[in-house]
Amino acid sequence: MTTDWFEETLHSGLRARLRIDKLLYEGKSEHQHLILFENKEFGRVLALNGVIQTTERDEFIYHEMLAHVPILAHGAAREILIIGGGDGGMLKEVLKHNTVSRATLVEIDASVIAFSKEYLSMICEEAFDDPRTDTVIADGVDHVETTDQRYDVIIVDSTDPIGPGEVLFTDRFYAACKRCLASNGVLVTQNGVPFLQGEELTNTITTLRQLFSDATCYTATVPGYVGGCMAFGWATDNKSSRATPLAELEARYIAADVKTRCYSPAVHQAAFALPGYIAEMIA
Ligand code: AG3
């Protein structure tokens, strides 16, 4: 019997391999190549164009840290926009806040959503059926450039800047996000693993600093994204969001009554303490 391995092809000098214990799906959509398999350590693993997007076992770390940090720092977020995130994991976290009145998810690839409902229901749960969910199949850049809606929090749950995700790392896109943020709005972005993708982080934060009065990044370690911690971009014109005192975050967290396994107010604050090599990248 031969053993099949999935090899991630994201980084040029590093190849991570995960054993394919059971292949559940493999195919091509209009936009990308999809593979879903079962792995002993990670459970179900979804990769797009050869890059791991989410796994059953560690998705909570990434989704909780990109959803609850901006929402609880904002303190009164009602309108949320998710760009990408077709697996529904981010949507599920956002909807845990009953103060959220609408979550708009803009995904370019309808097949990822259909696919996730079928094979990744443990990740998206009932999120796509929530009455507060507005699913839009469209180009993320077009949406932020043309929508009349204003959002309190925008979460860019993108792929890496290759293929369809590339435009979500441009000056044009970030400026358009700013256009549709409400006052006091917060933008957060998926920015890769700084140890291996430092240039990406430098470029994003440099651009965000030109657009917003407060722009930085915070980090979380997600085991399925190899190469060290992940960086998340943070941008807002309300400097006090990032400075929200711990006691206030705790009060908001308790009031929100969200169940989390990674996020806590203390983890939230600590995530903004940057290791020197990352601070240097965005200096
Ligand atoms: N999208 C982020 C995947 C980033 C992987 N990048 C990497 N390993 N550098 C995740 C979508 C989950 N909703």
Side-chain angles (χ1 to χ4, degrees), residues 6-18 29 31-36 42-69 80-95 103 105-109 111-113 115-117 119-125 127-128 133 135 140 154-169 188-204 217 219-233 262 278 281:
F6 165 81
E7 188 170 85
E8 189 177 48
T9 53
L10 179 60
H11 310 293
S12 56
L14 171 74
R15 289 279 187 268
R17 298 210 302 161
L18 275 77
S29 77
H31 296 275
Q32 52 213 339
H33 173 268
L34 264 87
I35 183 169
L36 179 78
F42 288 94
R44 291 193 174 191
V45 178
L46 171 70
L48 298 178
N49 289 342
V51 181
I52 295 172
Q53 294 303 311
T54 197
T55 87
E56 186 177 349
R57 299 272 161 76
D58 74 357
E59 58 89 19
F60 69 97
I61 304 174
Y62 174 88
H63 292 133
E64 287 182 14
M65 291 301 285
L66 262 178
H68 305 311
V69 169
I80 315 289
L81 172 65
I82 300 166
I83 301 286
D87 54 79
M90 198 66 74
L91 190 59
K92 172 189 67 182
E93 290 305 320
V94 162
L95 293 168
L105 182 135
V106 180
E107 167 63 54
I108 196 165
D109 195 341
S111 66
V112 175
I113 297 178
F115 176 85
S116 301
K117 285 188 187 168
Y119 294 100
L120 293 172
S121 60
M122 70 294 279
I123 292 181
C124 60
E125 295 180 1
F128 289 107
T133 296
T135 306
I154 300 179
I155 301 171
V156 185
D157 185 13
S158 65
T159 57
D160 292 86
I162 21 175
E166 198 173 347
V167 288
L168 304 180
F169 289 80
V188 290
T189 62
Q190 181 286 111
N191 263 99
V193 172
F195 186 78
L196 301 169
Q197 298 164 290
E199 205 182 317
E200 211 179 289
L201 180 65
T202 303
N203 292 342
T204 295
C217 70
T219 69
T221 298
V222 185
Y225 303 147
V226 299
C229 66
M230 263 257 133
F232 304 124
C262 174
I278 299 175
M281 286 170 180

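Note: hydrogens, waters and symmetry copies are ignored here, and every other heavy atom, side chains too, is used. First listed ligand is number 1; within each ligand, the first listed atom is number 1.
At least one N or O atom of D87 sits closer than 3.5 Å to an N or O atom of ligand 1. In terms of polar-atom proximity, defined here as any N/O pair under 3.5 Å, T159 makes no such contact with ligand 1. For ligand 1, the polar-atom distance check finds no N/O of Q190 at less than 3.5 Å from any of the ligand's N/O atoms. Close N/O approach between T54 and ligand 1 is not found [any backbone or side-chain N/O within under 3.5 Å]. Residue E8 has no nitrogen or oxygen atom sitting less than 3.5 Å from a nitrogen or oxygen atom of ligand 1, judged on distance alone.
When the salt bridge (Lys or Arg N to Asp or Glu O under 4.0 Å) test is applied to E93, the partners found at least two apart in sequence or on another chain are K96.
Looking at heavy atoms from C-beta onward, Q32 lies in side-chain contact with V112 at the 4.5 angstrom threshold.
Residue contacts with ligand 1: I52 is included, with a non-hydrogen atom under 4.0 Å away. Not a single heavy atom of G86 sits less than 4.0 Å from an atom of ligand 1. Put simply, no part of E59 is less than 4.0 Å from ligand 1, judged by heavy atoms.
A distance-only check finds no donor-acceptor pair linking the side chain of D160 to the backbone of I162 [under 3.5 Å]. Panel note: side chain E56, backbone G43; no donor-acceptor pair is recorded below 3.5 Å. Judged purely by atom type and a 3.5 angstrom limit, Y62 has no side-chain atom pairing as donor or acceptor with the backbone of T221. In this structure a side-chain-to-backbone donor-acceptor pair under 3.5 Å is present from Q53 to V51. Within the 3.5 Å criterion, the main-chain N or O of H33 finds a donor-acceptor partner in the side chain of N49. Here the side chain of T202 pairs a donor or acceptor atom with the backbone of M281 at under 3.5 angstrom. Looking at Q190, its side chain does come within 3.5 Å of a backbone N or O of T159 through a donor-acceptor pair.
For the side-chain contact (heavy atoms from CB on, under 4.5 Å) criterion with I123, the lone passing option out of T54, T55, L91 is T54. When each of L81, T189, V94 is checked for a side-chain contact (heavy atoms from CB on, under 4.5 Å) with I155, only V94 meets the rule.
Neither the backbone nor the side chain of M90 comes within contact range of ligand 1; no heavy atom lies under 4.0 Å. Within the 4.0 Å heavy-atom criterion, the part of L10 lying near ligand 1 is the side chain and not the backbone. When heavy-atom distances to ligand 1 are checked against a 4.0 Å cut-off, Q197 comes that close only through its side chain, counted from C-beta outward.
From the protein, the heavy atom lying nearest to atom 11 (C) of ligand 1 is D157 OD1, 3.2 Å. Given atom 10 (C) of ligand 1, the protein heavy atom at minimum distance is Q53 O, 3.2 Å. Nearest protein heavy-atom contact of atom 2 (C) of ligand 1 is S158 O, 3.2 Å.
The option from V51, L196, D160, I82 that lies nearest to atom 6 (N) of ligand 1, judged by heavy atoms, is D160.
Counting atoms of ligand 1 from 1 in the listed order, those under 4.0 Å from a heavy atom of H63 are 12 (C), 13 (N). Less than 4.0 angstrom separates some heavy atom of Y225 from each of these atoms of ligand 1: 2 (C), 3 (C), 5 (C), 8 (N), 10 (C).
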